[in-house]
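As structure tokens, the structure follows; a few thoughts come after it.
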Amino acid sequence: MKKIDAHAHVGYFGSWCDVGLTAQEMVSCMGEHEIEKSLISYPDNSVTREALKLYPEKFLGLAWMDPNQGEKALDEFSSLVDEGNFVGLKLHPLFNAYTANDAVVFPLIEQARKKDLPVFIHSGHPPFSLPWSIGQLAEAYSDARFVMVHMGHGHGVYIQAALDVAVKHDNIWLENSGMPMHTKIREAYRQVGRERIFWGSDAPFHHHAVEILRTEVCGLTEAELEDVFYGNCKQFMRL
Ligand SMILES: [Zn+2]
């Protein structure tokens, strides 16, 4: 079944995690798993830009911005988007240390909204990236489109909160990488909305094959799985 990977990284992450994939390695993994395109991001956007240049047909870029950098972040975001291959904003409140609904985030959201670009935001870690804070951000910007990356991530209470918050706010979509509860993928499809959940691998943090299998066994039909693996992200990203 063909796929779009809504969450992947080209580049090397050192420190505690010590994982990485080059652009070539990522493209080779994508070939093995019928992944047509991957949305990639990296803390240093020049790494993403290089990968986009190498494989413009395979990758779409999300601009990873740190709202704590103020004007500098706004200027960089604007110029990355103007380059053409960056098609969304990536926020990682845990990595860059701010709460998802902090006022420091607002100018970037306003810029993304003005440019009609989606906002991908990491979820699942207290105190910075809890589903409820992302819900408050989505409420404050009801005309912006948010993707709650990892849909609560590793903690059952946050995973349920991701579903509850997305039910309340129809401008939140869920991305399921690194989320261990296969049944919640089916629940999200049925309860949040069939078009509002899509698949991601978060490679190189997770193996594509593992992330694919968890979705495959979640209890959806083949046609429904096609929405999760391919159709929903394609439609969401207007590809
Ligand atoms: Zn990631």
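Both counts, for ligands and for their atoms, begin at 1 and track the order of listing. If you're wondering where the values come from, they're calculated on a predicted model, not measured in any experiment. Residue numbers start at 1 and run along the sequence shown.
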How far apart are the C-alpha atoms of Trp199 and Ile35, what are their side-chain angles, what is the distance that settles it, and do they pass the side-chain contact (heavy atoms from CB on, under 4.5 Å) test? CA-CA 11 Å; Trp199 177 80; Ile35 299 166; 3.8 Å; yes
Between Ser28 and Glu32, does the side-chain contact (heavy atoms from CB on, under 4.5 Å) criterion hold? Intermediate values first, please. CA-CA 7 Å; Ser28 149; Glu32 280 173 42; 4.0 Å; yes
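Residue-and-atom listing of protein N/O/S atoms under 2.8 Å from the Zn ion (ligand 1), sorted by chain and number: His7 NE2, His9 NE2, Asp202 OD1.
For the pair Arg190 and Glu224, the salt-bridge criterion is met [side-chain N within less than 4.0 Å of a carboxylate O].
No side-chain donor from either of His208 and His206 sits under 3.5 Å from a side-chain acceptor of the other. Counted by atom type alone, Glu110 and Tyr141 present one or more donor-acceptor pairs between their side chains at under 3.5 Å.
Looking at heavy atoms from C-beta onward, Val104 lies in side-chain contact with Asn68 at the 4.5 angstrom threshold.
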